[in-house]
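Some notes on the structure that comes next.
So that the names make sense, note that chain A is the first sequence line, chain B the second, and so on, each numbered from 1. No experiment lies behind these values; they were computed from the predicted model shown.
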Protein chains: 2
Amino acid sequence: MAVANAAVKIPLETPVAEKRVRNRAATEQAILDAAKRLLAEEGFQNFGINAVARGAGCDKQLIYRYYGGLNGLVEAIGTDLGDWVKDRIPDDTGGMFLLTYGDLMERLALLFLDALRADPLMRRIVAWEVSENSEQVRRLSEARSKALAGWIERMRGSLTPPKGVDAQAVNAMIFAAIQHLVLSAAVSDQCAGLPLKNAKDWEKAAASLKRIVRGVYG
Amino acid sequence: MAVANAAVKIPLETPVAEKRVRNRAATEQAILDAAKRLLAEEGFQNFGINAVARGAGCDKQLIYRYYGGLNGLVEAIGTDLGDWVKDRIPDDTGGMFLLTYGDLMERLALLFLDALRADPLMRRIVAWEVSENSEQVRRLSEARSKALAGWIERMRGSLTPPKGVDAQAVNAMIFAAIQHLVLSAAVSDQCAGLPLKNAKDWEKAAASLKRIVRGVYG
DNA sequence: CTTGCTACTCACCGCTCGGTGACAGATTGG
DNA sequence: CCAATCTGTCACCGAGCGGTGAGTAGCAAG
C-alpha cells in the first residue's frame, strides 16, 4: 500500500505544470502580493499565515523564513503603503491655481474621497485601524497617516488656513467623514441612510462635501 | 470523591451570590448580558459561542437552545439596541429653544458625539458595521440606524433645513465624521493626527464640529 | 562525483473553534 | 408512585489555526 502510494504520488505532482523555479526574490514578492490581495479582498478577519501561504502557493514556512512571520509581513505591507499616495493621488494641482486654503482643502478632500473609493486594500486597513489596537495594525496605521500627512503638506505649499479656524481639528473631521462614508458605502452601499450606489449618489455626496469645506473655509 | 467534590463545589460557588439553580429566564438574561459585555469589551473579533458561554458561566448548548445559536443571540442584542437612544440620549431640547435647523443639528451632533463616546458596545457595533457584511451585522446595523433615525426625526419637530442644502447628504457626512472620530479615538487616542486624549482635546473637536455645522447651516 | 548551500515542502504538534448527541438532576403532572 | 419534561452538563467530533523540526530537491563550486 505504501509503495503503491509512493508510485502514484510522483506522477500526480508532475502535471501541475507550473514548476516553481527556485527564486527567492520572486517568492518573496509572491508572498507579499498574496498578502495584499488577500487583505484587500477578504479583509483582516481571515487574514493569517495559512491563508497567505495558500494564496501565494507556497509553504507557510517561507513566510516565517523571509518575513519573520505575520508581523514582519504586515510591516512589509506598511512599507509598501508609503508609495500609496505617490501611486494613487496626483501630487500637483491638476493645472488649477489654488488661490485660497479653501480651494486647497476642497481639492484634497475630493481627491482623497476618490482615491479611497478606488483602493480596497486601503479601505480594509482603515477598517482594521478602528477595530483593533494590535502592534501590527498600529504599524500600518502609522505608515498610512505619515504618507497622508506628507502628501497634504506637499500640496499645501505656502497656503495657510484662515485665522480663527482650528484647521487641524477641522481637517481631521473632514477626513474622518470621508473615511467613514467610503467604508460604510463599500460594505452596505449607504451611509447613515444616504444611498451610495451609483455615480449620481456619489456626486451628491461630493457636492455636500464641498459645501462643508466651503462652509468652514469660505 | 464525588461527594467531596460536591462538598467543595458549593462553597466555591456561593460567593457569586446568585444561586444559579434551574432558572431559564435568568440564564437567558445572563447569556445576553455576557454577550453584550463581551462584545463591548473585547470587540467582535473574538466574539463567538464559546466565549459567550464562558462569560455567562454556562454551557454553550444553552445558547443554541435558548437563542438558536449566535445569530439569534445577535438578533436579541439588536432588539435591545432599540432602547439605546432612549437610554442614552435625551429626547427633549434640554430647556433650549431650537430656533433654527442649525441650532438643532449642532445640538444633535454634540449629543451624538458624547453618547457614542460613552458607549463601548455601540462603538464596537459601528466598527463591526464597516468591517464585515454578514447577515448578523446587517441586522445590528439596521436596528441601530432605525433607532437613530427615529430619534432625529423626533427631535427635528417642525424645523426644516434651509433651502439649497442637501440636508440628508450633509447630515450623513456629519454623523460619519463623528463616528470615525470617536472610533479612531477609542482605539488610538487620536484621529488623523489630531490628539484626542484629554477633555481639552475633545473640546477642540467639539468646537470644530460646531464650526462645521454652523458653516453649512448658519 | 561529492560536498555544501539555498530554496522549498511535509508532517506533525497543541489548541481553539463551532456544533452535536447523550446524559444527569430537578420539577411537575398524572 | 412513575413518567414526562425542563434545565443544565459533559464528552466528543472534524476542521482550522499558528507554529516548528526534519527532511527534500535543485544548483554551483571544488
query: At under 4.0 Å, does any side-chain N or O of Asn50(B) touch on OP1 or OP2 of dG18(C)?
result: yes

- prompt: Is a side-chain N or O of Ser131(B) found less than 3.5 angstrom from the main chain of Ala127(B), in a donor-acceptor match?
  reply: yes

message: Would you compute the distance between atom CD1 of Ile31(A) and atom CG of Leu38(A) and round it to the nearest 0.5 angstrom?
response: 13.0 Å

- line: Here the gap from Leu209(A) atom CG to Met173(B) atom CE, rounded to the nearest 0.5 Å, amounts to 4.5 Å

- prompt: Tell me: CZ of Phe47(A) to C1' of dG16(D), nearest whole Å?
  reply: 17 Å

- prompt: Between Lys60(B) (NZ) and dC10(D) (C1'), how many Å, whole number?
  reply: 11 Å

- prompt: Do any side-chain nitrogens or oxygens of Tyr64(B) fall under 4.0 Å of OP1 or OP2 in dT20(C)?
  reply: no

query: How close or far is atom C1' of dG18(C) from atom OH of Tyr67(B), stated in whole angstroms?
result: 19 Å

statement: Closest to the 5' end of DNA chain C, once Ala25(A) and Ala51(B) are matched to their nearest nucleotides, is Ala25(A)

- request: Starting at atom CD1 of Ile63(B), determine the distance to atom P of dC10(D), rounded to an integer number of angstrom.
  value: 15 Å

- request: Find the distance Leu70(A):CG to dG16(D):C1' and express it as a whole number of Å.
  value: 15 Å

message: Nearest to the side chain of Leu62(A), heavy atoms from C-beta on, is which of dT9(C), dT20(D), dA7(C)?
response: dT9(C)

- prompt: Gly48(A) or Arg65(A): which one's nearest nucleotide on DNA chain D is closer to the 5' end?
  reply: Gly48(A)

field: Distance in angstrom units between Ile49(B) CD1 and dC12(D) C1', rounded
entry: 17 Å

Gap separating the CD1 atom of Ile77(A) from the CD1 atom of Ile125(A), nearest 0.5 angstrom: 6.5 Å

message: Rounded to whole Å, how long is the line connecting atom CD of Gln61(B) with atom P of dA24(C)?
response: 16 Å

message: Is it the case that dT6(C) (base atoms only) and Arg22(A) (side chain only) share a donor and an acceptor within less than 3.5 Å, ignoring hydrogens and angles?
response: yes

message: I'd like to know if Glu142(A) and Arg138(A) make a salt bridge, using a cut-off of under 4.0 Å between side-chain N and carboxylate O.
response: no

query: Which nucleotide, dT7(D), dG18(C), dT9(C), lies nearest any side-chain atom of Asp59(A)?
result: dT9(C)

- prompt: Could you state the CD1-P distance from Ile31(B) to dT7(D), rounded to the nearest angstrom?
  reply: 12 Å

query: Within the pair Arg54(A) and dC17(D), is there a side-chain N or O less than 4.0 Å away from OP1 or OP2?
result: yes

- prompt: Taking the side chain of Thr27(B) as heavy atoms from C-beta outward, which of dG18(C), dG18(D), dG8(D) is closest to it?
  reply: dG8(D)

